[in-house]
Structure formats: C-alpha cells, structure tokens
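See below for the structure under consideration.
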Number of protein chains: 2
Amino acid sequence: MGDEMDTARGRARDAQRRAEQFRRVRDAHQTEVAEDYVELVADLIEETGEARVVDLSERLGVTKATVNNTIQRLQRDGLVTSQPYRSIFLTEKGRTLAETSRERHHTVRDFLLALGVDADTAEADSEGIEHHVSEPTLEAFRKFLRKSG
Amino acid sequence: MGDEMDTARGRARDAQRRAEQFRRVRDAHQTEVAEDYVELVADLIEETGEARVVDLSERLGVTKATVNNTIQRLQRDGLVTSQPYRSIFLTEKGRTLAETSRERHHTVRDFLLALGVDADTAEADSEGIEHHVSEPTLEAFRKFLRKSG
DNA sequence: GTACAAATTTAGCTTCTACTAACTTTTAGT
DNA sequence: ACTAAAAGTTAGTAGAAGCTAAATTTGTAC
Ligand SMILES: [Mn+2]
Ligand SMILES: [Mn+2]
Ligand SMILES: [Mn+2]
Ligand SMILES: [Mn+2]
C-alpha cells in the first residue's frame, strides 16, 4: 500500500507548501497600499515641503475621498499623523517603512533597467513587482547590478 | 513667469504618469485571483483528473466557502463551469487565460532560478511577481534565459 | 473683510475577498 | 441499504478599497 500512501502524503505536503506561498502573496497585498502611500508622502514632503490629500489623490489616480479614508486607516495603524484639514506627516514607524520601501523599489527599477528594459516599462512594472520581492531575490538583483554596473 | 509655470506643468504631467502606473497595478490585482484559480484548476485536472473545491481550498490556503464564492464569480465571468456538487471545468476562455498565465508564471520562476535565486524563493516570489510583469519585461527575462541557458 | 475657489471631510454605497457556523448532498465502508 | 464521513453550499459578517454627492473648512483675490 506504501505507494498510494506516499504519493498522497506527498501531494498533501505540496498543497501546504503552495498554500503558504499564496498566503504570503495575500499578506503582501495587505501592506502594499500602506507602502505606496508612505513612500509617496515622503517623496512629496521632500519635493514640495508638504503632503496634501489632493497631491496624493492626483498621483495615485484615486479620489480625494478615497485618500482621506486610507489616511485615516494609516493613522490608526500608526504610520502617519495629521490634524483635520491639515497636511500629512510620517511617524517614525512611517518613515522607516517609507525608507525600506523606497530602497527596495529603486533596486527593482534599477535592476530592470540594467536588464535592458526601457525606462517607462521599468518604472511601471517596478511599481507592482516591488511588493513581491523577498530579501534573497533582492540580493540577487543587487548582485546583478554590481556585476553589470 | 515661465519658470514656475513650467515646473507646475511638469509636476502635473508627472503626477498623471504615476497615476497611470498605479492604475495598472490595481487592474492587475483585479485579474490576479482569476489567474491563480484557472491556473490551479488546469494543474489539478492534468495531475489528478479533476478540480474539486476541497483541492483548491487546500492549495490556496482559504476555506471551502471562499473557494465556492470565488468559483461562482469566475462562472459569472465565463472562465469556469460547474454543476452544483460537481467538480470544476474550464471554459475555452478559462483555458486560454490558464495557458497564458502558466507560461508567464514559468518564465518568471525560471528567470529567478537562472539569476541564482534558490528554488523555494523562486517558487514563492514568482507567485506574486507574475501578475505585474508586462510583455517587454517578460521578453527581457526570456532573452536572459536564452543567454544563460 | 467678504466672497469665491480650493481643499478636506463625511455619509452612503459597491465589490471583492476573506471568515465561521449551519445545512445539504454525495461518497464510501460495512 | 444504512450510516458516517467528506465534500459542497448557504447565510451572515467583516474589512479593504474604491466611488459619488453633499457638507464643511481653509485659503485667496479683490
Ligand atoms: Mn514604491
Ligand atoms: Mn508600488
Ligand atoms: Mn500563477
Ligand atoms: Mn500568482
């Protein structure tokens, strides 16, 4: 009987392994919006001095109402602060997340460029890919950049 | 006055460009679940002869109720068919999406492997990355695979 | 300093994706 | 054939992320 048993056990193990991978992707999607927002808030503060709802709204391509809603969630989660009708600031936690996200985003973008992808595509694709790249893969990207740079 | 005007116009253009990129990422997220499901249904039919709710549930790491729910949506959208209490089949449209998704998924996974990423990480990361890779980037991945293969 | 425009917020709605608990149907073992 | 387990379904709930429309506050131009 060993045969069917073993392949059945093997299938079960494989199923669990794949389930874990999908779980990680779902987790990434949960933090994704937060990462894009704090990164954008940091960019805006550096470029223009402040981050306003209307600026985020224009750059993200969503309505101001949606931005307001999300900012409240991020505030609840301790990533940003803001007084009613005033602009948005990052907490220490938010700054840390922004910095990590930006570094990773740039690595992915630069890697695609080094691979020969055109600038527009590298910009666009890295916006999605960045959230699904683990540390080992990021390290492989950096290694490739060092070699080709 | 040209100066402030031009940088203001430049900022607006840039904002629109970035908004378009974020819109594409959001679009990708909308088709992502459908892609993973049909790919998995195709795999199961090939490996075991049929795709059942319980199989999808185990491999995706979500409850049977969630799978059932999603399968009904995919049915509504013309990607799968299934009679109550029976297993799941792909429509022609579903098979096409599964084939495209699988090809792209494998390209991403093989590319990561060729880059020197370990097998577990390549498997895991490709599950998320696959949905955010455009055709030009995919072509760059294929080119790298040909050179390193 | 008032009036108007811009920005922000609130309220109410929708879809997707997830869950648990309870129920029904099918399958399998004896 | 009956019964118990497995599989599938339904009902009800929740949060995230989006929208529009209306209300409010802030900022600016005169
Ligand atoms: Mn980013
Ligand atoms: Mn992003
Ligand atoms: Mn896939
Ligand atoms: Mn996937």
Side-chain angles (χ1 to χ4, degrees), chain A residues 1 4 8 11-12 15 19 22-38 40-41 44 48-77 79-89 128 131, chain B residues 4 8 11-12 15 19-20 22-38 40-41 44 48-77 79-89 128 131:
Chain A
M1 72 157 191
E4 293 111 34
R11 252 199 293 276
F22 283 115
R23 247 182 234 111
R24 279 179 48 189
V25 175
R26 287 195 296 271
D27 281 354
H29 286 155
Q30 285 216 308
T31 49
E32 178 158 347
V33 169
E35 290 173 352
D36 286 337
Y37 269 69
V38 295
L40 201 42
V41 168
L44 283 165
T48 73
E50 65 175 346
R52 299 178 306 164
V53 169
V54 68
D55 300 323
L56 290 169
S57 167
E58 275 166 16
R59 281 166 181 75
L60 291 165
V62 298
T63 63
K64 288 176 286 177
T66 297
V67 169
N68 207 257
N69 219 13
T70 304
I71 288 297
Q72 283 176 23
R73 204 179 40 263
L74 299 185
Q75 197 158 12
R76 183 201 67 190
D77 296 344
L79 292 167
V80 307
T81 60
S82 99
Q83 256 49 56
Y85 296 96
R86 310 271 78 171
S87 67
I88 299 143
F89 300 92
H131 310 283
Chain B
E4 293 110 34
R11 252 198 292 277
E20 193 42 52
F22 283 115
R23 248 182 233 112
R24 279 179 48 190
V25 175
R26 288 195 297 270
D27 282 354
H29 286 154
Q30 284 216 307
T31 49
E32 178 155 349
V33 170
E35 290 173 352
D36 286 337
Y37 269 69
V38 295
L40 201 42
V41 168
L44 283 167
T48 73
E50 65 175 347
R52 299 178 307 164
V53 169
V54 67
D55 300 323
L56 292 169
S57 167
E58 276 167 14
R59 281 166 181 75
L60 291 165
V62 298
T63 63
K64 288 178 292 175
T66 297
V67 170
N68 207 261
N69 219 12
T70 304
I71 288 296
Q72 283 177 24
R73 191 152 31 77
L74 299 186
Q75 196 156 12
R76 183 199 67 189
D77 296 344
L79 292 166
V80 307
T81 59
S82 98
Q83 256 51 55
Y85 295 99
R86 311 270 82 178
S87 67
I88 299 143
F89 300 91
H131 309 284

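Every heavy atom of this structure was used, including side-chain atoms; hydrogens, water molecules and symmetry mates were not. Each chain gets a letter, A, B and so on, in the order its sequence line appears, and its residues count up from 1.
- Every residue was checked against the side chain to side chain donor-acceptor pair (under 3.5 Å) condition with Gln75(A), not counting sequence neighbours, and none meets it.
- Legend: residues meeting side chain to side chain donor-acceptor pair (under 3.5 Å) with Arg23(A), ordered by chain and number and at least two apart, are Glu20(A).
- In this structure, Ile88(B) places its CD1 atom 10 Å from C1' of dG8(D), rounding to the nearest Å.
- To the nearest angstrom, C1' of dA7(C) lies 17 Å from CD of Gln83(A).
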Give each protein N/O atom lying under 3.5 Å from an N/O atom of nucleotides 25-29 of chain C, with the pair distance.
from	atom 1	to	atom 2	distance (Å)
dT26(C)	O3'	Arg86(B)	NH2	2.9
dT27(C)	OP1	Arg86(B)	NH2	2.5

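- dC19(C) atom C1' lies 13 Å from atom CZ of Arg23(A), rounded to whole Å.
- With the nearest nucleotide of DNA chain C identified for both Lys64(A) and Tyr37(B), Lys64(A) has the one nearer the 5' end.
- Nearest nucleotide to the Thr66(A) side chain, out of dT8(C), dG18(D), dT20(D): dG18(D).
- Rounding to whole angstrom units, CG of residue Asp55(A) and P of dA7(C) are separated by 8 Å.
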Dump the pairs, protein N or O against N or O of nucleotides 11-16 of chain D, anything under 3.5 Å, distances to one decimal.
from	atom 1	to	atom 2	distance (Å)
dA16(D)	OP1	Arg76(A)	NH2	3.2

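- Atom-to-atom, CD of Gln75(B) to C1' of dG8(D) comes out at 14 Å; the value is rounded to the nearest Å.
- For the pair Asp27(B) CG and dT15(C) P, the computed distance is 17 Å after rounding to whole Å.
- OP1 or OP2 of dT10(C) sits under 4.0 Å from a side-chain N or O of Gln72(A).
- A donor-acceptor distance shorter than 3.5 angstrom exists from the side chain of Thr48(A) to the backbone of Leu44(A), with no hydrogens or angles considered.
- The nearest whole Å value for the distance from the CD atom in Glu35(B) to the C1' atom in dC16(C) is 16 Å.
- Residues that satisfy the side chain to side chain donor-acceptor pair (under 3.5 Å) test with Ser87(A), not counting sequence neighbours, are Glu50(A).
- Rounded to whole Å, the distance from CD on Glu50(A) to C1' on dA6(C) is 13 Å.
- Contacts of Tyr85(A) classified as side-chain contact (heavy atoms from CB on, under 4.5 Å), with partners at least two apart in sequence or in another chain: none.
- Partners of Thr31(A) by side chain to side chain donor-acceptor pair (under 3.5 Å), not counting sequence neighbours: none found.
- For the salt bridge (charged side-chain N to carboxylate O under 4.0 Å, His left out) test, residues two or more places apart in sequence or in another chain that qualify with Glu35(B) are Arg104(B).
- Among pairs with a residue in residues 52-72 of chain A, those fulfilling salt bridge (Lys or Arg N to Asp or Glu O under 4.0 Å) read Arg52(A)-Asp55(A), at least two apart in sequence or across chains.
- Of the options Val33(B), Leu79(B), Ile88(B), a side-chain contact (heavy atoms from CB on, under 4.5 Å) to Val38(B) is made by Leu79(B) and by none of the others.
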